[in-house]
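Worksheet: one structure, shown below.
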Protein chains: 2
Amino acid sequence: MNKAEKIVAKALEMFNERGIEYVGLRELAAELSIRVGNITYYFPTKDDLVDRLAQDLSRLNAQVILEEHPSLFSFLERFRKIFANHVQYRCLLLSFVHLMQQNKVLSGAYKETEKKRYSSIVTNLSSLQERGYLSLEVDTDFLVSVFTLTARFWISEASVSFAHLSPVEQINQYVTLLAKLLIPYATEKGRHDIRRFSASLES
Amino acid sequence: MNKAEKIVAKALEMFNERGIEYVGLRELAAELSIRVGNITYYFPTKDDLVDRLAQDLSRLNAQVILEEHPSLFSFLERFRKIFANHVQYRCLLLSFVHLMQQNKVLSGAYKETEKKRYSSIVTNLSSLQERGYLSLEVDTDFLVSVFTLTARFWISEASVSFAHLSPVEQINQYVTLLAKLLIPYATEKGRHDIRRFSASLES
DNA sequence: AGTATGTTTAGGACATTGTCCAAATCAGAT
DNA sequence: ATCTGATTTGGACAATGTCCTAAACATACT
């Protein structure tokens, strides 16, 4: 692990712990037993460091998005995995709005991944319709909106309202919410998959 | 309007414009043609100023919450009003997570209003069941969860994804989302109210 | 009117922040 | 061994929120 990676790793750890805005570069440097200027050598600005973390999360999520989702079960499983990634990089999602407002590099990069995610969810939903998991009259735009809102902010709400729960319990709370959301639009085959998914969370 | 109120008004204006974290007390003072120390006389810390804004929003919302909601239409109308208040104090909601993490006064106060809102929504939903607007088998906890998540973060998502829309269009977007959410759980009478509500947004 | 008392304003000090830079140090190839 | 480029250091800089003292002001009382 080279110096840049050590900085990234410790930064993620401290940012997750206390929030990006509340960890000074001098504290980060002190934890690494280096000088501040040494960090700015690898990452000229704090935003560059944050951008790097965002790239790492983006890569992590891209793997999950590329997977096939032949069933409603695996579609829900996909969100469980993405939410697990969110926990790993929770500092980014907890500062989501500020980062988008202030960090041009990040907000630019997000626009692209946003489009990809949107069309990915649309594709998956219509695929689930074809395979007989979802009813044909479902309002896709509505479902995508709720999924997007939840995926973006579930961890923000959890940090405020469910801080007493473990990460896994928090994840289960919100994937269950997504599962329940789909029930009215699911076929009998779909509802079976949702029950199977809910049961898989128990263990 | 006394000095403290002038400070509060200008602060809200600038905070909404550029974000609480990105407006310095010196800029605020300059806009008011006063000195920094003059602000800290009325509001010893920046958090005190933010707390005041939060109180104002809380009072504004409390009025709406106390209203009766005899129909599904007025229940949805309630959220439209609350969302309009959110727009007026959007700086607070855009910094929601940070404020909750850092500002003890604010997070303490929020815990109470959170409970009130939660039980208020529960009461309203069961009342709507009794009045024949909602089916009796609805999963109340699920609905409250989605409503809460949306009410907290709709404006954050709108600021990122729908910045090109006007405030009213943004509000309509998300109250429509809440309305659509209820459709599967509504009776025929309820669906009639939802259609009426959607139509009322057009004008 | 003059004085005393309490409120408001001015102005600056302080520590902390992210950023930046020049010099010192190190490492590896010639 | 020496030169060259990469790395590290230590400090300067402006901006931030906070704090404090002295001046200015207003109000009430003698």
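By convention in this document, chain letters (A, B, ...) are assigned in the order of the sequence lines, proteins followed by strands, and residues within each chain are numbered from 1.
Close to C:dT9, at under 4.0 Å from its OP1 or OP2, lies a side-chain N or O of B:K3.
Side chain of A:K46, nearest nucleotide from C:dG18, C:dA10, C:dA13: C:dG18.
The aromatic ring centres of A:Y133 and A:F75 sit 6.0 Å or more apart. Aromatic rings from A:F15 and A:Y22 are positioned such that their centres are separated by 6.0 Å or more. The aromatic ring centroids of A:F79 and A:F147 lie less than 6.0 Å from each other.
What separates CD of A:E21 from P of C:dG18 is a distance of 10 Å, to the nearest Å. Atoms CG (B:L32) and P (C:dA10) sit 11 Å apart, rounded to a whole Å. Computed from coordinates, the B:I7 CD1 to C:dT8 P distance equals 11 Å when rounded to whole Å. Between A:I39 atom CD1 and C:dT19 atom C1' there is a gap of 13 Å when expressed in whole angstrom units. The separation between B:L25 atom CG and C:dG11 atom P is 17 Å, rounded to whole Å. A:N38 places its CG atom 15 Å from the P atom of C:dT25, with the value rounded to the nearest Å. Here the C1' atom of nucleotide C:dA27 and the OH atom of A:Y41 are 12 Å apart, to the nearest Å. Rounded to a whole Å, the CD1 atom of B:I34 is 13 Å from the P atom of C:dG11.
Within a 6.0 Å sphere centred on CD of B:E5, heavy atoms belonging to other residues, nucleotides or ligands number more than 12. Around atom CD of A:E67, more than 12 heavy atoms belonging to other residues, nucleotides or ligands sit under 6.0 Å away.
Of all nucleotides in DNA chain D having an atom under 4.0 Å from a heavy atom of chain B, the first and last in 5' to 3' order are D:dT16 to D:dT18.
Ionic pairing of A:R52 and A:D48 is not present here: no N-O contact between side-chain nitrogen and carboxylate oxygen is shorter than 4.0 angstrom.
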